[in-house]
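All ligand and atom numbering here is 1-based and tracks the order in the structure.
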Amino acid sequence: MKRAKWIALICVVMLSVGTLSGCGSAEDDRRVIRIGHNQSTSHPTHIGLTAFADYINENLGDKYKVEVYPSELLGSQTEMVQLTQTGAIDFVVASNAIMETFSSNYQIFNLPYLFASSEAYHAAMDDPNVTDSIFLTTEQAGFIAVTWLDAGSRSFYTVNKPINSPSDLKGLKIRVQQSPTNVEMMRLLGGTATPMGFGDVYTALQSQIIDGAENNELALTDNGHGDVCKYYSYDMHQMVPDIVLANYDFLESLDEDERAVFDEGFQIINTVQREAWEEAVEAAKDKAQNEQGVEFLYPDTAPFQEAVMPLHESVLSENPELQPIYDLIQEYNAMYPSGE
Ligand code: GCU
């Protein structure tokens with residue numbers, strides 16, 4: 001973790017045990033609620049969280065004060081999940097990818113080509129019968145998920161070699177999120193997985209420690225990856241949601257009326273973020289193409305899909321309790337099939 005982040009983190013931890021006055025707001029007796037995430041302040045996630053902060057501050061502002069910490073200021077996603085677990089902070093936005101190391105049930109939403117279309121993805125993730133049992137699995141560990149956020153679809157992008165088929169990945173080191181499912185996905189596709197935290201990817205690309213990465217279009221612009229990577233191949237191998245996690249004891253400490261306001265607030269994050277998402281993706285594509293000189297490629301996705309399908313079988317056979325959820329997702333896929 002970088003020095004500035006350590007300082008911010010130490011401030012937060014010390015504030016939470018009430019030992020410090022120099023880092024911020026001990027001026028009133030409102031309970032400060034801290035939310036950490038790893039995106040910029042113009043990212044849809046930050047826009048959604050800001051709407052949440054405004055809503056809580058407007059409705060429960062005599063008692064609570066919500067503060068949103070962007071840009072990995074409080075640490076990497078994994079570190080922030082741990083801080084949420086212990087209650088050092090109250091909320092975090094974490095990619096579903098890293099959640100499988102906390103609860104194996106989260107593996108299901110990391111499966112490549114799980115959702116047939118973005119409509120199927122949205123409808124399935126909005127259905128509590130799909131999400132609830134998974135979102136609550138970490139209660140014993142000290143946190144639960146309160147809503148999900150759209151993180152688009154993930155595709156490969158590379159510094160200097162266009163990816164038109166899985167065979168083009170051979171011999172390439174590709175950054176993936178820190179998840180065993182993602183590592184296995186890369187193995188099945190023939191590339192070499194290099195797991196690392198999001199904040200380290202730009203430098204790794206720039207110094208060519210890795211040959212490419214995989215993410216949605218915003219990583220090109222918001223995180224500058226498009227300054228280094230000139231080919232973005234729409235193989236669309238995953239739609240991995242982001243998950244808003246809350247410290248469980250904090251949620252339990254709310255009375256019924258307060259909890260109702262927070263529940264409404266969680267819905268606001270989801271709606272506002274999703275509305276901002278589509279526009280942000282269009283703007284990112286435009287900027288990447290016209291200002292950063294990124295070439296967008298549209299490979300046949302069938303060979304990618306074929307290569308990774310064994311992962312569905314292995315995850316389901318290791319986690320049979322996921323089968324009914326998987327089947328329900330297939331119903332949404334039938335309802336909203338791929339437009340291709
Ligand atoms: C997306 C996602 C983040 C995640 C990142 C990554 O940006 O929204 O939550 O951390 O991908 O690839 O690590």
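A donor-acceptor distance shorter than 3.5 angstrom exists from the side chain of Arg175 to the backbone of Met196, with no hydrogens or angles considered.
In this structure, Phe262 has its ring center under 6.0 Å from that of Tyr64. Annotation: Phe266 is not in aromatic contact with Tyr55 [ring centroid separation under 6.0 Å not met].
Contacts of Glu100 classified as side chain to side chain donor-acceptor pair (under 3.5 Å), with partners at least two apart in sequence or in another chain: Asn110, Ser179, Thr181.
Of the candidates Phe135, Phe102, Phe250, Tyr248, Phe102 is the only one forming a ring pair (Phe, Tyr, Trp, His ring centres under 6.0 Å) with Phe143.
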Quick check for students: name every N or O atom pair between ligand 1 and the protein closer than 3.5 Å, with distances.
{"unit_1": "ligand 1", "atom_1": "7 (O)", "unit_2": "Gln39", "atom_2": "NE2", "d": "3.1"}
{"unit_1": "ligand 1", "atom_1": "8 (O)", "unit_2": "Gln39", "atom_2": "NE2", "d": "3.1"}
{"unit_1": "ligand 1", "atom_1": "8 (O)", "unit_2": "Asp242", "atom_2": "OD1", "d": "3.4"}
{"unit_1": "ligand 1", "atom_1": "8 (O)", "unit_2": "Asp242", "atom_2": "OD2", "d": "2.6"}
{"unit_1": "ligand 1", "atom_1": "9 (O)", "unit_2": "Gln77", "atom_2": "NE2", "d": "2.8"}
{"unit_1": "ligand 1", "atom_1": "9 (O)", "unit_2": "Asp242", "atom_2": "OD1", "d": "2.7"}
{"unit_1": "ligand 1", "atom_1": "9 (O)", "unit_2": "Asp242", "atom_2": "OD2", "d": "3.3"}
{"unit_1": "ligand 1", "atom_1": "10 (O)", "unit_2": "Asn38", "atom_2": "ND2", "d": "2.9"}
{"unit_1": "ligand 1", "atom_1": "10 (O)", "unit_2": "Gln77", "atom_2": "OE1", "d": "3.4"}
{"unit_1": "ligand 1", "atom_1": "10 (O)", "unit_2": "Gln77", "atom_2": "NE2", "d": "3.1"}
{"unit_1": "ligand 1", "atom_1": "11 (O)", "unit_2": "Arg154", "atom_2": "NH1", "d": "3.1"}
{"unit_1": "ligand 1", "atom_1": "11 (O)", "unit_2": "Asn215", "atom_2": "OD1", "d": "3.3"}
{"unit_1": "ligand 1", "atom_1": "11 (O)", "unit_2": "Asn215", "atom_2": "ND2", "d": "3.2"}
{"unit_1": "ligand 1", "atom_1": "12 (O)", "unit_2": "Arg154", "atom_2": "NH2", "d": "2.8"}
{"unit_1": "ligand 1", "atom_1": "12 (O)", "unit_2": "Arg175", "atom_2": "NH1", "d": "2.6"}
{"unit_1": "ligand 1", "atom_1": "12 (O)", "unit_2": "Asn215", "atom_2": "ND2", "d": "3.1"}
{"unit_1": "ligand 1", "atom_1": "13 (O)", "unit_2": "Arg175", "atom_2": "NH1", "d": "3.4"}
{"unit_1": "ligand 1", "atom_1": "13 (O)", "unit_2": "Arg175", "atom_2": "NH2", "d": "2.9"}
{"unit_1": "ligand 1", "atom_1": "13 (O)", "unit_2": "Gln177", "atom_2": "NE2", "d": "3.4"}

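Note on Leu254 and Val32: separate hydrophobic clusters, where clusters join Ile, Leu, Val, Met, Phe, Trp and Tyr whose side-chain heavy atoms are under 4.5 Å apart, directly or indirectly.
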